[in-house]
Amino acid sequence: MLSVPEIYQRLFERYGQQHWWPAESAYEMLVGAVLTQNTHWRNVEKALGNLGNQLKPQVISAMPHDQLANLLRPSGYYNQKAERLRLLSQWFISYDCDVNAIRRIDGALLRHTLLSLKGVGRETADCMLVYAFDKPFFIIDTYTRRLFSRIGYDVPESYEHFRLLIEQQLPPSVELYNEYHALIVALGKEHCAAKPCCSGCPLERDCHKTHLNTLNG
DNA sequence: CTCCAGGACAAGC
DNA sequence: GCTTGTCATGGA
């Protein structure tokens, strides 16, 4: 069975550097992380496009709910997400929108703080920590669970247990965790975009099974 | 028509 | 602690 570092190596050889997160600033990354919850990225892009030059914490935190929700419509769950972006923006403003000030906070403490925000769960918090705040927490999402499960790992159902299991087998590097998660998503996107496909799979023996099950759930 | 996409939360056990 | 119903659009 492939080790955790070996899986990374094969993904990297196949897909190369991913240059994540697709955002122009830390704040935009935070917004994208909330909007993409259980939502296809292309729908998130539509919502981000609707926001346009209003994609700023001061503007979003002050915008009337219905107006913001309407702009977010394409990304789904627009009522929830409008409220959550408002709270997130208020939190960001409470640090004077100073990303470096937030980065100086201890990682574990910052994670706890993010998790206290309504609408920020474990996966979203870890994405924010890695892609906006340079803190090494391994991100667990549905693709990660499927991938490791099909390779043969006994994947813990608990998010934290799974995260710690992976982190024990990797150095605590933000750059590594950044790239690893982006590569797993790249793999998932390829499978979802090309059905059926089964050539050039980076995971050899589990190729067919991985593709099939990734498509069918 | 059905299924699901880079989840989170409240309620119930 | 873990499980279930809910939130919602858009593309395949």
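A, B, ... follow the sequence lines: proteins, then strands. Residue 1 opens every chain.
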Next item on the list: Anything under 30° is parallel, anything over 60° is perpendicular, the rest tilted; go ahead and classify A:Tyr27 against A:Phe92.
Entry: tilted
Margin query: Strictly below 4.0 Å: does A:Thr142 bring a side-chain N or O up to OP1 or OP2 of B:dG7?
Written below: yes
Notebook entry, point to check: How close or far is atom C1' of B:dA5 from atom CD1 of A:Ile184, stated in whole angstroms?
Noted result: 17 Å
Notebook entry, point to check: In whole angstrom, what separates A:Asp141's CG from B:dA8's C1'?
Noted result: 15 Å
Next item on the list: For DNA chain C, find the residues of residues 111-137 of chain A with a heavy-atom distance under 4.0 Å and give them by number; none if there aren't any.
Entry: none
Notebook entry, point to check: OP1 or OP2 of B:dA5 less than 4.0 angstrom from a side-chain nitrogen or oxygen of A:Arg146, does that happen here?
Noted result: yes
Item checked: Proximal nucleotide (of B:dA5, C:dA8, B:dA8) relative to the A:Arg84 side chain -> B:dA8
Notebook entry, point to check: To the nearest angstrom, how far is A:Asn79 atom CG from C:dT6 atom P?
Noted result: 17 Å
Notebook entry, point to check: So what does A:Tyr78 touch, heavy atoms closer than 4.0 Å: a base, only the sugar-phosphate, or nothing?
Noted result: sugar-phosphate
Next item on the list: Please work out whether the ring planes of A:Phe148 and A:Phe138 are parallel, tilted or perpendicular, with thresholds of 30° and 60°.
Entry: perpendicular
Next item on the list: Give the C-alpha distance, both sets of side-chain angles, the deciding distance and a yes or no for salt bridge (Lys or Arg N to Asp or Glu O under 4.0 Å) between A:Glu160 and A:Arg163.
Entry: CA-CA 5 Å; A:Glu160 299 300 339; A:Arg163 177 174 69 79; 2.8 Å; yes
Notebook entry, point to check: What parts of residues 29-57 of chain A reach DNA chain B, counting only heavy atoms under 4.0 Å away?
Noted result: A:Thr36, A:Gln37, A:Asn38, A:His40, A:Trp41
Notebook entry, point to check: With A:Arg73, which residues qualify under salt bridge (Lys or Arg N to Asp or Glu O under 4.0 Å), at least two apart?
Noted result: none
Item checked: For the student: nearest non-hydrogen atoms of A:Phe137 and A:Ala108, plus distance -> CZ-N, 4.1 Å
Notebook entry, point to check: Over how many whole Å does the gap from A:Gln80 atom CD to C:dT9 atom C1' extend?
Noted result: 13 Å
Would you list the protein and nucleotides 11-13 of chain B atom pairs, both N or O, that sit under 3.5 Å from each other?
none

Check: So, A:Ser3 and A:Gln169: side-chain donor and acceptor under 3.5 Å apart, yes or no?
Finding: no
Notebook entry, point to check: With a cut-off of 6.0 Å (strictly less than), are more than 12 heavy atoms of other residues, nucleotides or ligands near NE2 of A:His112?
Noted result: no
Next item on the list: Calculate the interatomic distance between A:Leu72 atom CG and C:dC7 atom P; express it in whole Å.
Entry: 18 Å
Margin query: Testing the basics here: between A:Ser61 and A:Arg86, what is the closest heavy-atom pair and its distance to 0.1 Å?
Written below: O-CG, 3.7 Å
Next item on the list: Name all residues meeting the side-chain contact (heavy atoms from CB on, under 4.5 Å) criterion together with A:Lys118; count only those two or more places apart in sequence or in a different chain, and write none if there are none.
Entry: A:Leu87
Next item on the list: Rounded to the nearest angstrom, tell me the gap between atom NZ in A:Lys81 and atom P in B:dG7.
Entry: 10 Å
Checklist line | ring pair (Phe, Tyr, Trp, His ring centres under 6.0 Å) involving A:Tyr131 - partner list, sequence neighbours excluded | finding: A:Trp20, A:Trp21
Next item on the list: Indicate yes or no for a side-chain donor-acceptor contact from A:Arg145 to the backbone of A:Pro156 under 3.5 Å, with no hydrogens or angles considered.
Entry: yes
Check: When the distance from OH of A:Tyr77 to P of B:dA5 is rounded to whole Å, what number comes out?
Finding: 11 Å
Check: In whole Å, what is the span from the CD1 atom of A:Ile139 to the P atom of B:dG7?
Finding: 12 Å
Next item on the list: Please state the C1' separation for the pair B:dA5 and C:dT3 - nearest whole angstrom.
Entry: 22 Å
Next item on the list: Identify the two heavy atoms, one from A:Leu183 and one from A:Gly16, that lie closest to each other, and give their separation to 0.1 Å.
Entry: CD2-O, 3.4 Å
